[in-house]
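Taking it in order: structure first as structure tokens, then the write-up.
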There are 2 protein chains.
Amino acid sequence: MELPEARQKFIEAWGKLGSEWGVNRTMAQVHALLLISPDALTTEEIMEELSISRGNANMTLRDLIGWGLVEKQHKAGERKEYFFADKNTWNIARQVAKERRKRELDPMLKVLQELSAVKGDEKNPAYKTFKTSITNIGKLAGNVNKTLETMLKAEENWFWGSLFKIFK
Amino acid sequence: MELPEARQKFIEAWGKLGSEWGVNRTMAQVHALLLISPDALTTEEIMEELSISRGNANMTLRDLIGWGLVEKQHKAGERKEYFFADKNTWNIARQVAKERRKRELDPMLKVLQELSAVKGDEKNPAYKTFKTSITNIGKLAGNVNKTLETMLKAEENWFWGSLFKIFK
DNA sequence: TTAAACTTTCAAAATATATTGAAAAATAAA
DNA sequence: TTTATTTTTCAATATATTTTGAAAGTTTAA
């Protein structure tokens, strides 16, 4: 397979994966494009390559910057902005984990906390089941949270190395 | 907080979380409802409680069964079907991990495999960057895959225990 | 059989999400 | 300042996803 076809396929696959994980497809595709581009690209180039509008490109790039996956770059003597993606997959994974924790896990833990204070009659099966489920989900979420905490602090080698030492 | 309000809040929160992770909101809500219900419910009861149509309830329940999260139950002398969710959070997590791996990670690994065979000129920066990115993403995906493999085989205690032993 | 109870299907409608594109705003050189 | 360039905004539009509901299908009991 030649490069242009391979690039196209990767951009498509990354976009599809993103949409399966609740990430806007275009955002995943812009990220994919930047991941395989050696140099920073202009909005214009991104619009061109992915056939998307200026507005879409602009918003998507801001989102990617908000996720900490892309950075602006300016070049000396140039008016326009260039965009560049961190290509270190460990950084990417950590950044995504960090943001999703903040946006989704933290609020969920808060809700579970609130819900665990529900009042009711211990003899009521509906009450007992509710409490048990909430408690168990809370424990799982807590474990996930602690693991993410560790992951965020860790170096890549150490993290996977430790996992594999244990998981044989 | 009293039980009815708490139930409502949980169903809402679970639905929202689902939609952030690419799961149809209604599907997550039906799952939530069954998770906090001590007994198996009929389609009728689910429709009523969540104010959804028969068609929607039926399709959603089939999906949940397809994900291995819900089971049909029949009661002696009854015509209609009852639906029941496994309440063990470890089973739920494993089931979801297993299905998503099959549906998303496996196909992605296959694509990355194909793409790593791209032909090109080692002197071309676009080629070099592409190859490096694909290789690195492939390595990360491989590590995730191995970790999931271990998780799927493991008992809950062993899995988290091992994580924490290492992660202090 | 026949009929009642229940489940499934799926085209149409409703809703939600993403995208466009042109105007307005911001920025920086002349 | 004025002008040219670039970025941002956002109402309108397009697209994608979800939901409905009624008809068709299936199952069981009489």
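First the proteins, then the strands, lettered A, B, ... as listed; each starts at 1. Just the heavy atoms: all of them, side chains too, but no hydrogens, waters or symmetry mates, feed the values below.
When the C1' atom of D/dT5 is taken as reference, atom OH of A/Y82 falls 13 Å away, rounded to whole Å. At whole-Å resolution of the value, CD in B/E45 and P in C/dC6 are 12 Å apart. In this structure, CE of A/M27 is placed 16 Å from P of C/dT17, rounded to the nearest angstrom. Taking atom CG on B/L50 and atom C1' on D/dT18, their separation rounds to 15 Å, with Å as the unit. Rounded to an integer number of Å, the gap from CD1 of B/I46 to P of D/dT19 is 14 Å. Rounded to whole angstrom, the span from the CG atom of B/N56 across to the C1' atom of C/dA11 amounts to 16 Å. Note: NZ (A/K16) to C1' (D/dA16) measures 16 Å, nearest angstrom. Rounded to an integer number of Å, the gap from NE2 of A/H74 to C1' of C/dT27 is 12 Å.
In summary, B/E44 and B/K80 do not engage in a salt bridge, as defined by a charged side-chain N under 4.0 Å from a carboxylate O. Between A/R103 and B/E20, no side-chain nitrogen of the basic residue sits less than 4.0 Å from a carboxylate oxygen of the acidic one, so the salt-bridge criterion is not met. Ion pairing between a basic and an acidic side chain is recognised when a charged N comes within 4.0 Å of a carboxylate O; A/E99 and A/K102 show such pairing.
The side chain of A/T43 lies closest to D/dT7, out of D/dT7, C/dA18, C/dT9. Of the candidates C/dT8, D/dT7, C/dT19, the closest approach to any side-chain atom of B/E81 belongs to C/dT8. With distances taken from any side-chain atom of A/K72 to the nucleotides D/dT19, C/dT20, D/dT8, the minimum falls on D/dT8. Closest to the side chain of B/K80, from the set C/dC10, D/dT9, C/dC6, is C/dC6.
Exactly one residue among B/D86, B/L69, B/I46 makes a side-chain contact (heavy atoms from CB on, under 4.5 Å) with B/L34. That residue is B/I46.
Looking at heavy-atom distances under 4.0 Å, A/R54 makes contact with a base. As judged by a 4.0 angstrom heavy-atom cut-off over every strand, B/S51 is placed among residues touching the sugar-phosphate backbone only.
OP1 or OP2 of D/dT19 has at least one side-chain nitrogen or oxygen of B/N24 nearer than 4.0 Å. Contact annotation: B/R62 side-chain N/O to C/dT8 OP1/OP2 distance is under 4.0 Å.
With hydrogens and angles ignored, a donor-acceptor pair under 3.5 angstrom links the side chain of A/R79 to the base of D/dT5.
Both B/E78 and A/M59 lie near DNA chain C, and the one whose nearest nucleotide falls closer to the 5' end is B/E78.
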So A/K72 and A/F83, side chain to side chain contact (heavy atoms under 4.5 Å, CB included) or not? Walk me through it.
CA-CA 5 Å; A/K72 277 188 191 177; A/F83 299 91; 3.7 Å; yes
